[in-house]
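Okay, so here's the structure we're looking at.
Chain letters run A, B, ... following the sequence lines, proteins first and then strands; every chain starts at 1.
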There are 2 protein chains.
Amino acid sequence: MSSENDYKMSSLNEVAKKAGVSIATVSRVINNSPKVNPETRLKVQQVIKDLKYHPNRVAKRLRNKSASGNLIGVLIPDIQNPFYVEVLRGIEDVAYENKYALIMCNFSQDEKKEQLYLDILQSESVDGLIAAPTNEHDQKVTNLVKSGLPIVCVDRGLADVDVDVILVENQNGAYSAVDHLAKAGYKRIAYISGLRQLPSSQEREAGYSNALKANGIPIDRTLIRYGDSRHESGVKLCEELLNLPSPPDAIFAGNNLITLGALETIHKKGLTIPSQIAIIGFDDMYWSISLNPPLTAVKQPAYEIGRRAAEQLILRINDPARPTMSMVMKTELVVRSSC
Amino acid sequence: MSSENDYKMSSLNEVAKKAGVSIATVSRVINNSPKVNPETRLKVQQVIKDLKYHPNRVAKRLRNKSASGNLIGVLIPDIQNPFYVEVLRGIEDVAYENKYALIMCNFSQDEKKEQLYLDILQSESVDGLIAAPTNEHDQKVTNLVKSGLPIVCVDRGLADVDVDVILVENQNGAYSAVDHLAKAGYKRIAYISGLRQLPSSQEREAGYSNALKANGIPIDRTLIRYGDSRHESGVKLCEELLNLPSPPDAIFAGNNLITLGALETIHKKGLTIPSQIAIIGFDDMYWSISLNPPLTAVKQPAYEIGRRAAEQLILRINDPARPTMSMVMKTELVVRSSC
DNA sequence: TATTGCAATAAAAACGTTTACATTGTAAAT
DNA sequence: ATTTACAATGTAAACGTTTTTATTGCAATA
């Protein structure tokens with residue numbers, strides 16, 4: 001009976017009534033307004049405790065139109081990708097430290113879903129948004145930036161508008177991987193790309209091409225395959241490559257999931273790594289060491305990217321006029337046994 | 001100039017003014033109330049399109065106190081665990097199909113964080129909640145259930161209250177794994193458990209013990225280790241086991257992350273699987289086949305669990321009085337090469 | 001013709017906040 | 001003794017909805 005009521009939300013009004021003051025005063029106490037008698041403050045605080053009062057965030061947001069609603073939106077392309085999970089963890093830690101809640105939307109590379117979620121986020125009056133746009137000209141996110149909503153882009157930037165963005169050195173990262181393969185003596189190095197329209201895919205391809213050139217290896221376009229950044233795509237494209245009349249002797253995989261897909265195909269074919277085929281993945285996972293064989297990979301500081309993005313977003317929410325910033329994080333080649 | 005305005009949210013009021021009707025009428029049009037003149041309806045709908053009006057979900061929730069706010073909360077213990085990521089995907093798909101948005105909270109097995117997030121979810125007036133409580137007597141979630149908020153528990157139930165719950169056959173799953181090891185001739189089979197207070201950990205231990213008994217293997221309690229369900233814990237406890245005077249010849253790992261941790265340790269020690277030590281994991285991953293060696297594992301239908309949970313939650317939101325239900329999903333032993 | 005009934009719409013209250021503005025009471029200054 | 005100033009508090013409007021209740025006009029009935 002009493003325990004039932006424990007969780008019935010009490011409002012400012014009830015607190016005010018019980019404390020014998022007006023709701024304005026209670027509000028002032030809650031928001032630490034200086035203009036309130038210390039004695040009154042104490043009394044009100046006691047009642048707040050007694051009633052287990054928690055402010056209603058919905059009412060707060062409605063009133064304050066995205067000021068101090070303490071809610072940020074996150075729009076990620078694929079929650080199955082461990083990279084984004086790590087990014088999410090970084091975001092979440094910072095959000096928690098700053099008492100922000102997260103509303104997470106996973107649009108699975110589906111533009112219709114992306115649009116729906118952006119509408120929802122907007123109509124939820126989020127204070128800000130961390131997003132990985134589908135491409136550089138993503139109109140949906142671009143419009144949102146133009147509307148003045150604080151936004152930080154991760155992993156993928158926006159071309160038509162000034163916006164904070166946290167990126168990684170995709171080109172350098174890819175270069176170091178492919179260069180490593182070339183220096184190890186591999187001649188027919190394939191590249192399995194994610195979605196071709198993504199800036200990151202293009203940059204990685206550039207790094208790949210440059211490394212080949214620098215090592216005097218001619219570029220064979222049959223060895224470049226474009227997929228959709230997902231596991232299945234890695235499985236299929238790797239299969240295509242291995243069935244080629246003259247198959248590659250090494251593979252550079254464009255992301256996490258592609259790498260896992262490619263590995264699956266290689267194992268199904270019974271090939272041994274790296275003697276029959278070498279592989280390097282873009283994006284490391286903490287369990288890469290437990291793969292067969294331990295995977296050589298380009299490591300992105302995913303968790304750190306998430307943290308930085310969230311920190312920057314909070315800065316921007318608090319000061320919308322501050323100059324925009326673009327941050328490029330370094331990658332690192334982690335050499336294990338797959339090449 | 002004009003593009004700036006494209007995304008300025010327009011309200012019911014503006015639509016009403018432009019259409020020359022009252023806001024009540026506009027609201028009726030939006031909610032498909034039958035009591036509105038077809039002619040008026042058409043006119044209003046046109047204005048809605050022109051103004052790109054989107055209803056404000058915050059106002060809606062404030063007014064309707066968790067009716068049709070179309071927002072559900074998800075409280076998960078560890079987003080790094082691929083199992084929960086899969087569950088989340090299932091939830092998300094169903095939510096999307098039903099036009100619900102998700103507010104996702106990851107409490108990282110931290111009870112303080114759990115409490116904070118529950119408070120937030122409540123004060124966000126979510127329509128319902130999908131949660132994996134920290135233990136059977138989780139007061140925080142229990143209270144919330146008592147308060148009448150629609151809740152579905154996944155992976156872990158609640159003892160003191162009647163609540164919908166989606167579980168897996170932990171005991172049978174564990175039994176099948178350990179029985180498989182025993183039948184293969186292994187004698188010293190260790191169990192690395194997750195958090196001991198979790199019902200799932202206990203059930204899996206029971207399955208482990210029963211399988212040993214059934215195969216005439218005495219239970220050696222030094223071979224049972226309790227950790228915290230995380231990767232590091234798998235690394236450390238596996239190390240302890242391998243350093244034992246008479247180490248195990250097989251390991252049954254209590255979850256995903258523990259398995260990966262254990263694999264890491266085994267590889268670091270340079271032991272070969274399964275000749276020197278066998279391992280079976282609880283919980284399969286789609287890339288388990290790419291591990292070294294391809295992992296034998298007990299597969300939980302994680303995605304399906306998420307789907308069922310979300311479906312059940314929506315049913316309950318729409319009919320809070322319906323009888324509660326408890327659903328137990330089957331597991332499946334996927335035999336590969338690690339034992 | 002005066003009443004009734006009904007369809008279509010408008011008006012207004014409510015949800016729980018924040019805040020600009022108005023009202024008190026009291027002490028200092030004239 | 002009256003004004004002034006200021007601190008403390010209260011009042012009320014606003015945020016954008018939904019919904020209950022009230023109003024209108026018009027056709028059908030007595």
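In this structure, of C:dG16, D:dT17, D:dG10, it is D:dT17 that holds the atom nearest to the side chain of B:Y53. Counting only heavy atoms from C-beta on, B:A59 has its side chain closest to D:dG16 among C:dT17, D:dG16, C:dT9. Nearest to the side-chain atoms of B:N37 among the listed nucleotides D:dT17, C:dT9, C:dC15 stands C:dT9. Minimum atom distance to the side chain of A:N64 is reached by C:dT19, of the listed C:dT17, C:dT9, C:dT19.
The nearest whole Å value for the distance from the CG atom in B:L51 to the C1' atom in D:dG16 is 15 Å. Remark: P of D:dT17 and CZ of A:R61 are 14 Å apart, rounded to the nearest angstrom. In this structure, the CD atom of A:E124 is 15 Å from the P atom of D:dG16, given to the nearest Å. Between B:I23 atom CD1 and C:dA13 atom C1' there is a gap of 11 Å when expressed in whole angstrom units. Spacing between atom NZ of B:K60 and atom C1' of D:dC15 amounts to 16 Å, rounded to whole angstrom units. Atom P of nucleotide C:dA11 and atom CG of B:L12 are separated by 15 Å, given to the nearest angstrom. Going from atom CG of A:L42 over to atom P of D:dA8 covers 14 Å, rounded to whole Å. One interatomic measurement links the two molecules: CG of A:N56 to P of C:dC15, which rounds to 12 Å at whole-angstrom precision.
Two residues, B:N13 and A:R41, neighbour DNA chain D, and the one matched to the more 5' nucleotide by heavy-atom proximity is A:R41. Along DNA chain C, the nucleotide nearest to B:P38 and the one nearest to B:L62 differ in position, and the one closer to the 5' end is contacted by B:P38.
Here salt bridge (Lys or Arg N to Asp or Glu O under 4.0 Å) pairs that include residues 34-51 of chain A, with residues two or more places apart or in two chains, number zero.
Contact annotation: the side chain of B:R156 never approaches that of B:N135 to less than 4.5 Å [non-hydrogen atoms, C-beta and beyond].
Within the 4.0 angstrom heavy-atom criterion, no nucleotide atom of any strand lies near B:V58.
The closest donor-acceptor contact from the side chain of B:E14 to the backbone of B:S11 lies under 3.5 Å. Between the side chain of A:N106 and the backbone N or O of A:I79, at least one donor-acceptor pair lies under 3.5 Å.
Looking at B:K112 and B:D110, no side-chain N of the basic residue comes within less than 4.0 Å of a carboxylate O on the acidic one, giving no salt bridge. A salt bridge does not link B:E124 with A:K60: every distance from a Lys NZ or Arg NE/NH1/NH2 to an Asp or Glu carboxylate oxygen is 4.0 Å or more.
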Can you give each donor-acceptor pair under 3.5 Å made by side-chain atoms of residues 302-315 of chain B, sequence neighbours left out, with the distance rounded to 0.1 Å?
from   : atom 1 : to     : atom 2 : distance (Å)
B:Y303 : OH     : B:D93  : OD2    : 2.5
B:Y303 : OH     : B:R307 : NH1    : 3.4
B:E304 : OE2    : B:R308 : NE     : 3.1
B:R307 : NH1    : B:E97  : OE2    : 3.3
B:R307 : NH2    : B:E97  : OE1    : 3.1
B:R307 : NH2    : B:E97  : OE2    : 3.4
B:Q312 : NE2    : B:D164 : OD1    : 3.2
B:Q312 : NE2    : B:D164 : OD2    : 3.3

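Proximity of A:T40 to the phosphate of D:dT9: a side-chain N or O atom is located under 4.0 Å from OP1 or OP2.
Contacts between residues 24-36 of chain B and DNA chain C, counted as heavy-atom distances below 4.0 Å, involve B:A24, B:T25, B:R28, B:K35, B:V36.
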